[in-house]
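Note: hydrogens, waters and symmetry copies are ignored here, and every other heavy atom, side chains too, is used.
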Amino acid sequence: MSKAPQKSASASSKTPEYQAIIVGTGFGGMGAAIQLNRLGITSILMLDEASDVGGTWHHNSYPGIAVDIPSVTYSYSFEPNPYWSRVYAPGRELKAYAHHVAQKYNLRPYMCFNALVEKSVYDEDGQFWTVSIQGQAPVTARILILATGFLSHPKMPDIKGIENFAGKVIHTARWDHTYDLNNKRAAVIGTGATSVQLVPEIAPKLAQLDVYQRTAIWVSPKNDSKIAKSIQKLFASLPESQKIARFASSSVLELMMVTGVLHNKQLSFLNKSIEFMCRAHMRRVIKDPVLREKLTPHYDFGCKRPTFSNTFYPTFNRKNVELVTTSIDHIEADGIVTQDGVKRKIDTLILATGFKVWEKGNFPAFDVIGKSGIELGAWWDDNGFQSYEGLSVPNFPNLFNLHSPYAYSGFSYFSVVDYQMAHIERCLGEMIRLDATSFEVHAAANSAFTDKMKHKLDSSIFTNGNCASANSYYFNPQGEATLLRPTTTYNAMHASHTFPLSDYQFA
């Protein structure tokens, strides 16, 4: 579907066309739609600028892409997938899982693709949202749910002369599968989690590969293997067995998150132990001490999202691969010049530079204008990045923003989806019970929650650790670690079922 379905023209200008509009058809957006259906809300429009479902797993299809946490934890708790082929499933399986969910829960009829939302405005009199779509008529809904994600808008590097490069330019988030890399001379800019997956896949094809590193990343061994057909059959026939595996895997990840990262002040030795393991992993593979030093981060483990790989370090032992840590000065038509004056010629430039996170145009993805003409991005700039339970913001009624400050709990995004679905159910359930037409979080409740999160961060690696050189997207432009929720996943889920309904005003 390419255009939003048109409602009857006879509807009142103060009567919204839909009960809810969801912007985004990734796992967050689909989870929200499933929850709305459970509440009896079926007049839904889902908008996405992409051409298909999947969100991050639609946009990203670069060689080597895979989930970076155990697959058994990476699915809706109510819709487990027993057929992951590996412990760390490849991206194509995540994309297929997204298709499965959309089909099984009959979400396709709601979806409108190639629909770029430009602005959303709250009508205080009518208590609904008007959403403007590029090239289409505006649409209206009582409830607006933003599921645009943090990792959907590619970040282009600010490098002098990049526009003058005459060869092929590919961003990892928009991979060109028609381009043949064989025997090319390529440069990869970036050594984050994406690069760790990509570089080992493409290096054997290339005549030469230069990897430009600004910030090293902590890499631990990856216990990846195929999942036996017998295990898949067990999970399919006995779902409880998969629940046990999910619980065990999640518990390990939670232990790393809570003890090593959130309670670093009391248990800093845990982070140091993981750093030791990562260094040992590198020493086993990289024999050159100079290269090891270049690949070793100079910030504490946990300041930036780490990753797992058994193939990244060995790639730098190849004769056709060079790690470049000298800063880039500028790019010319046929190569990259570093600040020491050295020029390395290339014909292919690969940007593994990640995504916009805190920048305008991603956080939020477009202008969101609430009561009294307040714009959400400007409000965060003026008041600091904050939200109530990672979902709601004062002055923005009838709005859930799934990717708000303090939204992310634990290591698996699906744990976030679970608690947010529960919060939406509780809030909208009360709205329906009261036959109300609006909900809005009280400013005092939002402030109290924000203060509690900031207090919890006092013991975290983000406050007590050496994070200055991490260049981590966990930190907002003000230097505060407001991306992650500094609590256990259990705490987030418990709060979603028990938060005081009086924290919201229903009208």
Looking at Phe247, is its backbone amide N or carbonyl O close enough to the side chain of Ser250 to form a donor-acceptor pair, meaning the two atoms are under 3.5 Å apart? no

Rounding to 0.5 Å, atoms CH2 (Trp358) and CZ (Phe385) come to a distance of 6.0 Å

Lys356 meets the side-chain contact (heavy atoms from CB on, under 4.5 Å) criterion, sequence neighbours left out, with His153, Lys155, Glu359, Asn362

Could you go through residues 499-507 and list every donor-acceptor pair under 3.5 Å that involves a side-chain atom there, pairing it with any protein atom two or more places apart or in another chain?
residue	atom	partner	partner atom	Å
Asp503	OD2	Tyr388	OH	2.5
Tyr504	OH	Ser392	OG	2.6
Tyr504	OH	His423	NE2	2.8

- Could you tell me whether the side chain of Phe396 reaches within less than 4.5 Å of the side chain of Val368, counting heavy atoms only? yes

Residues at least two apart in sequence or cross-chain that pass side-chain contact (heavy atoms from CB on, under 4.5 Å) with Asn464, listed by chain then number, are Asn264, Lys265

What pairs of donor and acceptor atoms, side-chain ones from residues 19-35 against any protein atom, are under 3.5 angstrom apart with sequence neighbours left out?
residue	atom	partner	partner atom	Å
Gln19	OE1	Thr42	N	3.3
Gln19	OE1	Ser43	N	3.1
Thr25	OG1	Asp48	OD2	2.7

- prompt: Do we see a donor-acceptor contact under 3.5 Å between the side chains of Asp176 and Tyr62?
  reply: no

Sequence neighbours excluded, the answer for disulfide (SG to SG under 2.5 Å) partners of Cys467 is Cys303

For Ser309 and Val196, the nearest pair of non-hydrogen atoms, with its separation, is CB-CG1, 3.5 Å

Between the CG atom in Leu36 and the CE atom in Met421, the distance rounded to the nearest 0.5 Å is 9.0 Å

If you measure only the distance, is there a donor-acceptor pair under 3.5 Å linking the side chains of Asp458 and Thr463? no

If only side-chain N and O atoms count, and only distance matters, is there a donor-acceptor pair under 3.5 Å linking Gln127 with Thr437? yes

By side chain to side chain donor-acceptor pair (under 3.5 Å), Thr315 pairs with (sequence neighbours left out) none

>> Between Met277 and Ser220, is there a side-chain heavy-atom distance shorter than 4.5 Å?
In response: yes

The reported gap from OG1 in Thr450 to CG in Asn383 (rounded to nearest 0.5 angstrom) is 10.0 Å

Closest non-hydrogen atoms of Ile217 and Ala193, given as atom of the first, atom of the second and distance, are CD1-N, 3.7 Å

Q) Is there a side-chain contact between Leu402 and Ile424 (heavy atoms, below 4.5 Å)? A) yes

Worksheet item: Side chains of Trp84 and Tyr97: does their closest heavy-atom pair fall under 4.5 Å?
Response: yes

- Message: I'd like to know if the side chain of Trp380 reaches the main chain of Phe363, judged simply by a donor and an acceptor atom lying under 3.5 Å from each other, with no hydrogens or angles considered.
- Response: no

- Side chains of Val441 and Val393 in contact at under 4.5 Å (non-hydrogen atoms): no

If we ignore angles and hydrogens, is there a donor and acceptor under 3.5 Å between the side chains of Ser438 and Asn398? no

Between Asn60 and Thr172, the two heavy atoms sitting closest are OD1-O, 4.0 Å

Separation between OG (Ser460) and NZ (Lys454), nearest 0.5 Å, reads 13.0 Å

*Taking the side chain as every heavy atom from C-beta outward, state whether Glu118 and Phe366 have any atom pair closer than 4.5 Å.*
no

Residues passing the side-chain contact (heavy atoms from CB on, under 4.5 Å) test with His177, sequence neighbours excluded, are Ser61, Trp175

Contacts under 3.5 angstrom, residues 67-75 side chains, donor-acceptor by atom type, not counting sequence neighbours:
residue	atom	partner	partner atom	Å
Asp68	OD1	Arg305	NH2	3.1
Asp68	OD2	Arg305	NE	3.4
Ser71	OG	Arg86	O	3.1
Ser71	OG	Val87	O	2.7
Ser71	OG	Ala89	N	2.6
Thr73	OG1	Pro70	O	2.9
Tyr74	OH	Trp57	NE1	3.2
Ser75	OG	Arg246	NH1	3.2

Self-check item: His171 (side chain) donor-acceptor with Ala173 (main chain) under 3.5 angstrom
Solution: yes

If you measure from the Lys or Arg side-chain nitrogens to the Asp or Glu carboxylate oxygens, is any gap between Arg108 and Asp52 under 4.0 Å?
yes

Of all heavy-atom pairs linking Phe128 and Thr130, the shortest is CE1-OG1, 3.6 Å

Check: Within the side chain of Ser447, is there an N or O that forms a donor-acceptor pair under 3.5 Å with the backbone of Ala444?
Finding: no

Across all chains, not counting sequence neighbours, the salt bridge (Lys or Arg N to Asp or Glu O under 4.0 Å) partners of Glu79 are Lys104

Heavy-atom closest pair (Ala236 atom, Tyr83 atom, distance to 0.1 Å) is CB-OH, 3.3 Å

Check: Leu399 and Leu146 side chains under 4.5 Å, non-hydrogen atoms: yes

Test item: Trp218 side-chain N/O and Cys278 main-chain N/O as donor-acceptor pair under 3.5 Å: no

Does His99, at its NE2 atom, have more than 12 non-hydrogen atoms belonging to other residues, nucleotides or ligands within less than 6.0 Å?
yes

Checklist line | Within 45° cone and under 6.0 Å: Arg485 NZ/CZ vs Tyr419 ring | finding: yes

**Prompt:** Would you say the ring centroid of Tyr18 lies under 6.0 angstrom from that of Tyr110?
**Reply:** no

message: When you compare the side chains of His100 and Asn81, does any donor N or O come within less than 3.5 Å of an acceptor on the partner?
response: no

- [ ] Please confirm whether the backbone N or O of Asn114 pairs with a side-chain atom of Glu49, one donor and one acceptor, at under 3.5 Å?
- [x] no

Between Thr482 and Gln386, do the side chains contain an N or O donor and an N or O acceptor separated by less than 3.5 Å? no

Query raised in the report: Does the cation-pi check pass for Lys304 over Tyr473, that is, NZ or CZ under 6.0 Å from the six-membered ring centre and within 45° of its axis?
Result: no

Those residues at least two apart in sequence (or on a different chain) that pass ring pair (Phe, Tyr, Trp, His ring centres under 6.0 Å) with Tyr122 are Trp129

Rounded to the nearest 0.5 Å, the CD atom of Gln136 sits from the CG atom of Leu116 at a distance of 10.0 Å

Nearest heavy-atom contact between Asn223 and Tyr88 is O-CE1, 3.9 Å

(request) For Glu375 and Gly377, indicate whether the former's side chain and the latter's backbone hold a donor-acceptor pair under 3.5 Å. (result) yes

Quick check on Arg92: does its CZ atom have over 12 non-hydrogen neighbours (other residues, nucleotides or ligands) under 6.0 Å away? no

**Any donor-acceptor N or O pair under 3.5 Å, side chains His497, Arg426** = no

* Asked: Taking the side chain as C-beta and beyond, is there a heavy-atom pair between Leu483 and Asn476 under 4.5 Å?
  -> no

Across all chains, not counting sequence neighbours, the ring pair (Phe, Tyr, Trp, His ring centres under 6.0 Å) partners of Tyr413 are His403, Tyr408

With sequence neighbours left out, the residues meeting salt bridge (Lys or Arg N to Asp or Glu O under 4.0 Å) with Lys371 are Glu440

Main-chain N/O of Pro297 paired to Thr215 side chain as donor or acceptor, under 3.5 Å:
no

>> Has Gln197 got a side-chain atom pairing as donor or acceptor with Ala66's backbone, closer than 3.5 angstrom?
In response: yes

Practice prompt. May I ask you to decide if Ile41's main-chain N or O and Asn37's side chain share a donor-acceptor pair within less than 3.5 Å?
Written response: yes

